[in-house]
Amino acid sequence: MQQLSTKHLLGIKDISVSDIELIFETADNFKDVLNRPIKKVPSLRDITIANVFFENSTRTKLSFELAEKRLSADVINFASGNSSVKKGETLIDTVNNILAMKVDMVVMRHSSPGAPHFLSKNIKANIVNAGDGTHEHPTQALLDAFSIREKLGDVAGKKVAIIGDILHSRVALSNIFCLQKLGAEVMVCGPITLLPKHIASLGVKVELDVKKALAWCDVANVLRIQLERQQIKYFPSLREYSLYYGVNKKMLDQLDKPIVIMHPGPINRGVELNSDVADSEHSIILQQVENGVAIRMAVLYLLAGVK
Ligand code: CP
């Protein structure tokens, strides 16, 4: 069996192209499994996985849990909101208590960048980063690139514009690393206040005009405005943001070329993306969600083979 070169999936920055390709090939097989009448395989029958979420989630949490159950793993779920974290328990104590119950893998979402990296240095289990603050969201980037590969045949040579709140987005950073490793050209687009100052040093194009970004790209990955991470005002109002940066059907109709529209969810409909685009034939948003289960099955299955 081919193995990943890493015991943990902490981010895309530090994994190799061959690791990404192995995850995609494994996800292809699991996608076939998910389309069968019996969608379950016994691959992780002896493995116990804890989903430890210190931040809200719909897609990632459900997708990991379903992936784990499709692989026949035993699953426990922890949400910080109704836990002893509220009584002052530390991250390391919380996780060590979970591990004392003989857990093999931990899938963790946390608001602090680097939290899963910290854990990986202090505990024995395999760690999967399910989003750490504004840093990385590796399985989202993998499922996004996998969805582009599925839709357009390949990621190499494609032009991908990431549009929106780049400053607060872990999805943007993981996507930039993943797409570049796979040979895509990447552009970021948004108001200047929502673009990190040195973003061009990552080798991406920078564009302030959303119409120019749409005209340039094969794929537009539109990101959510993350109001929950914004302590100051980065733009005058949501109405103004929508007016200048919201992607609508009229803009797409003016392009004389095909375009693929993506969004990691949750969508602020009518802000960064209008419903007439989110629900249009250009959109692969629900295919992204579907592919997320196969990608997460692949990641968990492959990591379980690395001790
Ligand atoms: N895409 C994503 O991470 O969505 P959730 O926050 O709902 O998990």
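Predicted model only: the values in this text are computed from it and were never measured. For ligands, and for the atoms within them, numbers begin at 1 and follow the listed sequence. All residue numbers refer to positions in the sequence shown, counting from 1. The basis for the numbers below is simple: all heavy atoms, side chains too, and nothing from hydrogens, waters or symmetry mates.
- Using cut-offs of 30° and 60° for the angle between ring planes, the His168 and Tyr234 rings count as perpendicular.
- Aromatic pair Tyr245/Phe235: ring centres not closer than 6.0 Å.
- Between Asn77 and Glu65, the side chains place a donor N or O and an acceptor N or O closer than 3.5 Å (distance only, hydrogens not considered).
- The neighbour count for Phe30 CZ, taken as heavy atoms of other residues, nucleotides or ligands under 6.0 Å away, is above 12.
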Verdict with reasoning, Lys102 to Asp74, per salt bridge (Lys or Arg N to Asp or Glu O under 4.0 Å)
CA-CA 11 Å; Lys102 305 274 185 266; Asp74 290 319; over 6 Å; no

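- Taking the six-membered ring where the residue is Trp, Phe54 and His110 present tilted rings, their angle falling between 30° and 60°.
- Protein residues are said to neighbour a ligand when one of their heavy atoms lies under 4.0 Å from it; for ligand 1 these are Ser57, Thr58, Arg59, Thr60, Arg109, His137, Gln140, Pro264, Gly265.
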